[in-house]
Amino acid sequence: PSLARAEKTPPPPATTKEGCSGPPPKCCEGGFPVAGAKADVRVLEFQPLMPKSLSGGRANITAGWETKTCSVPPDSPFGDGDDGDDTRGVKPEGNALRVFVGHKFGRVAEDFFKGLNARNMLRFGWSKSLPKNLYFGLRGTLALKYTPAGGGETFEAIFSDFRVGMGKWFGDRWIGSPKCERSSDSSQASLECVSDEGSRWQFSKGKGGVFIVHRYAQAK
């Protein structure tokens with residue numbers, strides 16, 4: 001599908017400075033309060049496909065994130081959370097990414113779509129096209145650590161050039177990458193992704209807006 005935009009005024013380019021706190025898109029670390037506006041936490045959560053084993057063991061997933069570029073509507077706070085001196089815009093916590101951003105809903109920068117088509121992304125809900133308006137759109141590196149329910153080896157995967165975003169409607173969460181492909185155009189589709197190490201992973205939609213993660217067994 002074409003990524004062309006009909007609007008006359010393009011969004012500002014994403015020109016992130018490493019380690020920069022301040023207004024997006026030039027800065028993506030957070031630390032950007034806005035007078036009279038509050039940043040709420042919006043959560044992207046990952047859970048294992050098989051959370052328990054027959055013996056009662058529990059699987060575990062932890063998520064990490066590093067932002068490369070960011071898109072947030074103008075004058076929307078980013079990283080102005082309620083965690084004291086911690087004003088990061090994105091805070092990995094256990095199996096989730098916690099994003100502190102305001103209530104403004106607007107266009108995402110073109111950089112968010114770079115190298116993507118609609119089949120490279122998975123959305124809660126049903127859509128054959130890429131999003132035009134979001135609360136935030138982030139491009140960066142997703143890191144997952146997964147320990148199966150039966151215990152044993154912990155598997156790690158790095159997904160560079162990954163995208164995460166959240167829209168206005170309940171559960172409107174987006175993930176994707178040029179190294180991912182949606183299994184079909186149905187509302188029950190999953191996203192098949194290849195990590196930087198070459199391992200294959202599946203992301204699907206669970207209850208409550210949670211992304212279900214499955215690691216495929218690797219050929220020996």
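In this chain, residues are counted from 1 in sequence order. No hydrogens, no waters, no symmetry mates; every other heavy atom, side chains included, goes into these values. Remember, predicted model here, so these are calculated numbers, not experimental data.
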Exercise. Does Tyr135 have any ring-ring contact (aromatic ring centres under 6.0 Å, His included) partners at least two apart in sequence or in another chain, and if so, which?
Worked result: Phe105

Problem set entry | Arg163: partners by salt bridge (charged side-chain N to carboxylate O under 4.0 Å, His left out), with sequence neighbours left out | Asp161

Exercise. For Ser160, what residues pass the side chain to side chain donor-acceptor pair (under 3.5 Å) criterion, not counting sequence neighbours?
Worked result: Asp196

For this session: Apply side-chain contact (heavy atoms from CB on, under 4.5 Å) to Tyr216 and list each qualifying residue two or more places apart in sequence or on a separate chain.
Result: Glu192, Arg200, Gln202, His214, Gln218

Problem set entry | Any side-chain heavy-atom pair of Val213 and Trp201 under 4.5 Å | yes

Problem set entry | Partner set under side chain to side chain donor-acceptor pair (under 3.5 Å) for Gln47, not counting sequence neighbours | Glu45

Exercise. Cys28 and Cys70: disulfide bond (SG atoms under 2.5 Å apart), yes or no, with the steps?
Worked result: CA-CA 6 Å; Cys28 290; Cys70 56; 2.0 Å; yes

Problem set entry | Set of ring-ring contact (aromatic ring centres under 6.0 Å, His included) partners for His103, sequence neighbours left out | none

Exercise. Between Lys145 and Ile61, is any pair of side-chain heavy atoms under 4.5 Å apart?
Worked result: no

Problem set entry | Heavy-atom closest pair, residues Arg182 and Ala118 | NH1-O, 3.0 Å

For this session: Provide the closest heavy-atom pair for Gly102 versus Arg42 in the form atom of the first, atom of the second, distance.
Result: O-NH2, 3.4 Å

Exercise. Side-chain contact, heavy-atom cut-off 4.5 Å: Thr67 with Thr69?
Worked result: no

Problem set entry | Residue pair Ser76 / Val101: nearest heavy atoms and the distance that separates them | OG-CG2, 4.1 Å

For this session: Tell me, with the steps shown, if Phe159 and Leu144 meet side-chain contact (heavy atoms from CB on, under 4.5 Å).
Result: CA-CA 8 Å; Phe159 302 91; Leu144 294 179; 3.9 Å; yes

Problem set entry | Thr147: side chain to side chain donor-acceptor pair (under 3.5 Å) partners, not counting sequence neighbours | Thr154

Exercise. Would a 4.5 Å heavy-atom cut-off, applied to side chains only, mark Val99 and Val41 as touching?
Worked result: no

Exercise. On the ring face of Phe211, is Lys205 found with NZ or CZ under 6.0 Å from the centre and within 45° of the axis?
Worked result: no

For this session: With sequence neighbours left out, write down each residue that passes side chain to side chain donor-acceptor pair (under 3.5 Å) with Glu197, or none if nothing qualifies.
Result: Ser195

Exercise. Do the side-chain sulfurs (SG) of Cys193 and Cys180 come closer than 2.5 Å?
Worked result: yes

For this session: Determine the minimum heavy-atom distance between Pro131 and Val108, stating which atoms define it.
Result: O-CG2, 4.3 Å

For this session: Report the C-alpha separation of Leu134 and Phe112 in whole Å, then their side-chain angles, then the decisive distance to 0.1 Å, and conclude whether the side-chain contact (heavy atoms from CB on, under 4.5 Å) test is met.
Result: CA-CA 11 Å; Leu134 295 172; Phe112 183 74; 4.1 Å; yes

Exercise. Are any of the side-chain heavy atoms of Pro178 and Leu116 separated by less than 4.5 Å?
Worked result: yes

Exercise. Relative to Phe155, does Arg215 satisfy both conditions: NZ or CZ under 6.0 angstrom from the six-membered ring centre, and within 45 degrees of the ring's axis?
Worked result: yes

Problem set entry | Whether Ser71 side chain and Phe136 backbone form a donor-acceptor pair below 3.5 Å | no

Problem set entry | Any residue meeting side-chain contact (heavy atoms from CB on, under 4.5 Å) with Pro92, in chain and number order, not counting sequence neighbours | Trp65, Arg88, Leu97

Exercise. Are Asp172 and Met166 close enough that some pair of their side-chain heavy atoms sits under 4.5 Å apart?
Worked result: no

